[in-house]
Protein chains: 2
Amino acid sequence: MTAGASTLADDQPDRRARRRAAKRQVIIAEAWALAERDGLAAISLRDLAERVDLRQPSLYSYFESKLALYDAMFADANRMLVETIRRLPELDDPKAALVQFVRATVGFSSDNIVRHQLMFDRTIPGFQPSEHAYRPAVEFYDLGAQRLAAVGVWKPADLDVFTSLVAGLARQQVAKDPGGTRWMVLIPRVVDMFLSDIDRRRDVEGSSS
Amino acid sequence: MTAGASTLADDQPDRRARRRAAKRQVIIAEAWALAERDGLAAISLRDLAERVDLRQPSLYSYFESKLALYDAMFADANRMLVETIRRLPELDDPKAALVQFVRATVGFSSDNIVRHQLMFDRTIPGFQPSEHAYRPAVEFYDLGAQRLAAVGVWKPADLDVFTSLVAGLARQQVAKDPGGTRWMVLIPRVVDMFLSDIDRRRDVEGSSS
DNA sequence: GTCTATATTCGGATAGAC
DNA sequence: GTCTATCCGAATATAGAC
């Protein structure tokens, strides 16, 4: 019927979808700014709407509820962290690469405290990331696991120790010395400590078999 | 003038003060129950008043604002943690005592997630513990520092590493395996790792001098 | 100290016109 | 998709009688 308009009809939805996605991104970006100012739990859709030149009800065209907004923010923060890791220059020395990974991770938390809160604390009542939003978080975990594998660490218990080390450094840096480097500077030492422990345990295990 | 009533006049304020303090404690206890149910940030003074058989405005006789309530809860949680540590049986082996300390601390967080949140996360917008409420937190820190001193650890950087280890274990246990023991069981290993690292560094330092 | 009553503000969410 | 208008509920806090 409308043969000449078919390309138009096929393109238009894509453009619309892109524009829509772009605007969603703008909204999310402003939501972060608001969260930094007022606290994550204190975001109001009224303030948010004002910042993106919309009326408050119009936000419901982009997010079906406030929790859906948090979900999108959760995914956004995790994608940002994954991107941060991916952009790191590749290093030949696997141990140096591990230190680099931890530094980038703790640095991300330190530079993005509210993102860190949403990702790692459970601070919003009723919020639980959807499966979809959680996917980039898994991706991040895998990136860490890969660098651990490169130094011969793969046992689940070893991974758990490692995650708790990184979590602890990030937490203390964020909570006790925001903006500083008091725990950041300990990273090489902590990684050393961890790898030495792995070696030590390997030796013990080897000698007893 | 009222000589015969002077003992009465001296006692009555004490009794009143005690009753008042006792009721404050009841209110705080119910506040914790509410926080466990709805989330720390979602406590409402209405619900809280109902639970202690008061009308909502009457709470203002006990706490001058909601933030003052949080402040009292913060102090309460820290006192409870300090008490938990103090009640531990004394151990002769200083290393065992250190493991015991970490176990009790992480266990406390695991058993009291909302208290952990209030103490260690900054989750309530606008809340900052008063100097008075912060005192027991310092006391807790000192208890840890004492046990570290008993194994020869005293350097500030070493203390920072240790606090981040404990913080990381607690965090992962609370966030990723609430109610379980996945990170709890790693405690002896992590303490070993830490102390071995201290030894190793002492050796290096000693050989270079 | 406790109450009733109320001020005040703000929150998320919905209806329906355009 | 965006708007105006509005609902409805909830929140903290205060005034003033008892």
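By convention in this document, chain letters (A, B, ...) are assigned in the order of the sequence lines, proteins followed by strands, and residues within each chain are numbered from 1. The basis for the numbers below is simple: all heavy atoms, side chains too, and nothing from hydrogens, waters or symmetry mates.
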Closest non-hydrogen atom pair, [X] against [Y]:
X	Y	value
A:P125	B:A42	CG-CB, 4.1 Å
B:Q100	B:R147	OE1-NH1, 3.2 Å
B:A75	B:P136	O-CG, 4.1 Å
B:T181	B:D177	N-OD2, 3.1 Å

side-chain contact (heavy atoms from CB on, under 4.5 Å) between B:M73 and B:I43, intermediate numbers included: CA-CA 12 Å; B:M73 292 171 76; B:I43 294 178; 3.9 Å; yes
Just wondering, more than 12 heavy atoms not from B:E83 lying within 6.0 Å of its CD?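 Atom CD in B:E83 is packed in, count exceeds 12.
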Assess whether atom CD of B:E36 is packed by more than 12 heavy atoms of other residues, nucleotides or ligands within 6.0 Å.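 Yes.
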Kindly say whether, by distance alone, the side chain of B:R46 makes a donor-acceptor pair under 3.5 Å with the base of D:dA11?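 Yes.
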Once ring pair (Phe, Tyr, Trp, His ring centres under 6.0 Å) is applied, what residue pairs with a partner in residues 23-50 of chain A remain, sequence neighbours excluded?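 Applying ring pair (Phe, Tyr, Trp, His ring centres under 6.0 Å) to every pair that reaches into residues 23-50 of chain A, excluding sequence neighbours, yields nothing.
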How would you list all residue pairs meeting ring pair (Phe, Tyr, Trp, His ring centres under 6.0 Å) that involve residues 90-117 of chain B, not counting sequence neighbours?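 Found B:F101-B:F140, B:H116-B:F120.
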Could you pull out all donor-acceptor pairs under 3.5 Å where a side-chain atom in residues 157-169 of chain B meets a protein atom, sequence neighbours excluded?
from: B:D158; atom 1: OD1; to: A:R189; atom 2: NH1; distance (Å): 2.8
from: B:D158; atom 1: OD1; to: A:R189; atom 2: NH2; distance (Å): 2.9
from: B:D160; atom 1: OD1; to: A:R182; atom 2: NH2; distance (Å): 2.8
from: B:D160; atom 1: OD2; to: A:R182; atom 2: NE; distance (Å): 2.8
from: B:T163; atom 1: OG1; to: A:Q172; atom 2: NE2; distance (Å): 3.2
from: B:T163; atom 1: OG1; to: B:L159; atom 2: O; distance (Å): 3.4
from: B:T163; atom 1: OG1; to: B:D160; atom 2: O; distance (Å): 2.9
from: B:S164; atom 1: OG; to: B:V161; atom 2: O; distance (Å): 3.0

Separation of atom CD in B:E50 from atom C1' in D:dA10, rounded to whole Å: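 Rounded to the whole Å, the gap is 14 Å.
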Grab the CG-C1' distance between B:L69 and D:dA13 for me, whole Å please.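 The answer, rounded to whole Å, is 14 Å.
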Contact interval (first through last nucleotide) of DNA chain C with protein chain B, 4.0 Å heavy-atom: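 The contact span of chain B on DNA chain C goes from C:dG1 to C:dA5.
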Let's see if you get this right: which residues in residues 51-64 of chain A place a heavy atom under 4.0 Å from DNA chain C?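 Listed by number, they are A:Q56, A:P57, A:Y60.
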Closest nucleotide of DNA chain D for A:K23 versus for B:S65: which of these residues is on the 5' side?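 The residue closer to the strand's 5' end, by nearest nucleotide, is A:K23.
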Net bend of the helix from C:dG1-D:dC18 to C:dC18-D:dG1, end axes of five pairs each, nearest 10 degrees: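 Its terminal axes enclose an angle near 0°.
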